[in-house]
Amino acid sequence: MKLRIGVIGTGAIGQEHMKRITNTLSKGKIVAVTDVNQAQAQAIVNALHLDATVYNDGHQLIQADDVDAIIVTSWGPTHEEFVLAAIQAGKPVFCEKPLATTAEGCKRIVNAEIEAGKLFVQVGYMRRYDPSYLALKATLDQGTVGEPLIIHSAHRNPTVPETYTGDMSIVDTFIHEIDIHRWLLNDDYVSVQTIAPKKTSQAADHLQDPIIVLMKTKRGALISGEIFVNCEYGYDIQCQVVGEKGIASLPEPATVVLRTDAKHSKDILVDWQARFKSAYDAELQDWIDSTLKGEVNGPTAWDGYVAAVTSDACLEAKVSGEVTPIHLDDRPAFYDQALTTVQK
Ligand code: NAI
Ligand code: ISE
């Protein structure tokens with residue numbers, strides 16, 4: 001049996017997901033697509049030789065009888081409306097980050113799910129499926145380096161477009177660290193401060209780059225996260241956990257080690273598509289498999305809510321320069337039913 005999937009938003013990541021479902025993964029089939037750019041939606045349907053209907057809007061697609069489950073890959077501000085509509089229609093939904101652009105929006109989704117009495121939502125925090133992060137988490141969970149005290153992390157992009165705003169360094173980029181660090185540590189955040197070093201001459205006038213974000217967790221660990229989106233040299237994700245008994249570092253992507261021209265070298269990847277390819281594949285395969293079983297295995301709407309509350313506090317801290325508290329509601333017991341990748 002194949003899961004019949006409708007995709008809302010056929011831009012960069014929407015197309016990537018459609019390609020992997022069609023060409024790489026199993027048990028999923030794209031039967032419906034929509035985009036405000038209808039020509040683009042039709043073009044990808046043609047390019048992938050899909051037998052899929054192109055709908056005028058996301059709500060029609062959600063209601064379609066032959067659509068079992070929805071993927072939302074449209075712009076962030078549209079996510080909440082489509083996720084709520086999918087829950088109302090009783091259809092499972094995979095939503096790219098952010099779940100909603102405000103904490104209140106995420107809370108409305110959490111409440112809708114609780115009211116429906118069933119998990120419907122998985123959020124696209126794919127790093128939880130990345131083999132390097134999974135290996136790092138297993139090491140931490142085994143206690144090999146003892147109680148984690150500090151995380152040093154870096155999220156570096158070679159460059160960003162002119163349209164990239166200052167807030168995006170948090171809500172678009174650092175949001176991945178917000179999710180992955182609490183998952184790695186089985187902990188939550190209590191405060192945040194941001195500090196700006198000297199700005200790179202490569203950044204647009206409106207953009208402070210790089211930035212350091214300092215977050216404290218409930219158990220007292222400190223996270224020092226560098227966001228540097230004009231680093232020029234490559235796409236580079238770093239994470240080092242300092243524990244009471246040792247240091248655990250995120251494995252580097254496997255690339256060939258060269259000895260040439262009197263040099264010993266290794267390539268660094270240049271984009272997130274290549275860096276997290278296997279994570280995206282594993283994430284969507286798990287979504288398809290668990291959806292067919294009527295389950296949600298991956299990051300939940302609750303994780304989307306926590307990320308939104310935390311990123312709001314990061315934005316506030318960025319403006320004030322002060323240590324800013326992070327206030328989270330208690331996690332509803334309802335979310336205990338999501339067992340595999342969700343923080344227990
Ligand atoms: P994009 O701009 O390339 O594509 C978005 C598409 O959504 C566009 O084709 C646009 O026309 C369409 N769209 C916008 N409003 C719509 C509506 N109401 N109905 C139907 N279609 C609509 O953007 P991109 O890079 O594909 O990002 C999409 C989402 O995925 C964003 O929320 C982004 O943060 C997230 N994302 C997640 C990544 C990850 O690593 N998990 C990586 C890249 C993006
Ligand atoms: C992009 O939107 C993503 O989500 C990527 O995973 C991230 O690494 C990149 O920095 C963002 O711009």
Side-chain angles (χ1 to χ4, degrees), residues 76 97-98 101 127 132-133 136 148-182 184-185 189-217 220-243 247-253 255 263-276 307-326:
K97 53 87 177 155
T101 50
R127 286 192 190 181
S132 312
Y133 273 108
L136 179 59
L149 308 174
I150 306 170
I151 290 185
H152 300 289
S153 71
H155 188 146
R156 303 195 187 114
N157 296 51
T159 180
V160 283
E162 273 285 321
T163 49
Y164 188 96
T165 62
D167 284 2
M168 285 173 79
S169 56
I170 303 295
V171 300
D172 191 57
T173 302
F174 190 68
I175 196 91
H176 285 290
E177 274 71 23
I178 290 176
D179 180 70
I180 205 72
H181 292 153
R182 64 184 278 271
L184 279 175
L185 296 175
Y189 309 116
V190 290
S191 69
V192 58
Q193 183 180 21
T194 76
I195 302 175
K198 179 176 164 61
K199 175 178 159 169
T200 170
S201 59
Q202 303 305 319
D205 289 347
H206 66 270
L207 195 65
Q208 170 57 47
D209 186 44
I211 308 173
I212 304 286
V213 181
L214 296 172
M215 293 199 291
K216 266 274 176 86
T217 72
L222 179 70
I223 289 147
S224 155
E226 173 197 315
I227 310 157
F228 189 8
V229 295
N230 290 279
C231 79
E232 293 224 310
Y233 72 86
Y235 181 77
D236 197 8
I237 302 298
Q238 300 281 329
C239 182
Q240 185 186 67
V241 183
V242 179
I247 313 275
S249 296
L250 187 69
E252 293 283 339
T255 54
K263 282 196 192 76
H264 181 206
S265 64
K266 212 168 169 271
D267 280 356
I268 293 178
L269 298 173
V270 294
D271 58 41
W272 47 268
Q273 287 94 331
R275 169 63 184 85
F276 288 110
V309 171
T310 308
S311 68
D312 281 356
C314 292
L315 291 177
E316 201 185 317
K318 202 162 158 261
V319 172
S320 71
E322 303 293 325
V323 176
T324 306
I326 299 174

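Position 1 is the first residue of the sequence; numbering continues from there.
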Exercise for review: Go through the structure and list residues passing salt bridge (charged side-chain N to carboxylate O under 4.0 Å, His left out) with D209, not counting sequence neighbours.
Suggested key: none

Review point. Taking only residues at least two apart or on different chains, which pairs with a member in residues 190-200 satisfy salt bridge (Lys or Arg N to Asp or Glu O under 4.0 Å)?
Key: none

Hey, can you pull the donor-acceptor pairs under 3.5 Å for the side chains in residues 157-164, sequence neighbours left out?
{"unit_1": "Y164", "atom_1": "OH", "unit_2": "M168", "atom_2": "O", "d": "3.3"}
{"unit_1": "Y164", "atom_1": "OH", "unit_2": "S169", "atom_2": "N", "d": "3.3"}
{"unit_1": "Y164", "atom_1": "OH", "unit_2": "T173", "atom_2": "OG1", "d": "2.5"}

Review point. Checking Q208 side chain against P197 main chain: does a donor-acceptor pair fall under 3.5 Å?
Key: yes

Please list, one pair per line, the donor and acceptor atoms closer than 3.5 Å that link side chains of residues 307-317 to other protein atoms, with sequence neighbours excluded.
{"unit_1": "T310", "atom_1": "OG1", "unit_2": "V306", "atom_2": "O", "d": "2.7"}
{"unit_1": "S311", "atom_1": "OG", "unit_2": "A307", "atom_2": "O", "d": "3.2"}
{"unit_1": "S311", "atom_1": "OG", "unit_2": "A308", "atom_2": "O", "d": "3.2"}

Check your understanding: Going from CD on E226 to NE2 on H155, what distance comes out if it is rounded to the nearest 0.5 angstrom?
Key -> 11.0 Å

Review point. What is the distance from atom CD1 of I211 to atom CD1 of I227, rounded to the nearest 0.5 Å?
Key: 5.0 Å

Study note, to complete from the structure: Note: P98 and G76 closest approach over all heavy atoms is CD-CA, 4.0 Å

Exercise for review: Drop me the distance from S320's OG to Q193's CD, to the nearest 0.5 angstrom.
Suggested key: 8.0 Å

**Study point:** salt bridge (charged side-chain N to carboxylate O under 4.0 Å, His left out) against D172, all qualifying residues, sequence neighbours excluded
**Key:** K97

Practice item. Identify the two heavy atoms, one from H181 and one from C239, that lie closest to each other, and give their separation to 0.1 Å. Key: NE2-SG, 4.1 Å

**Study point:** From CA spacing to verdict: side chain to side chain contact (heavy atoms under 4.5 Å, CB included), T217, I223
**Key:** CA-CA 8 Å; T217 72; I223 289 147; 4.0 Å; yes

Practice item. Output the distance between atom CD (E232) and atom OG1 (T200), rounded to the nearest 0.5 Å. Key: 6.5 Å

**Study point:** Qualifying residue, where the test is side chain to side chain contact (heavy atoms under 4.5 Å, CB included) with V192 and the options are I170, T324, I178
**Key:** T324

Review point. Between CD of Q238 and CZ of F228, what distance do you get to the nearest 0.5 Å?
Key: 13.5 Å

Review point. Do the ring planes of F276 and Y133 sit parallel (below 30°), tilted (30 to 60°) or perpendicular (above 60°)?
Key: parallel

Review point. Taking side chain as C-beta onward, heavy atoms only, is R127 less than 4.5 Å from I237?
Key: yes

Practice item. Not counting sequence neighbours, which residues clear salt bridge (charged side-chain N to carboxylate O under 4.0 Å, His left out) with R275? List them please. Key: D130

Point to revise | N/O donor-acceptor pair under 3.5 Å between K318 side chain and G166 backbone | key: yes

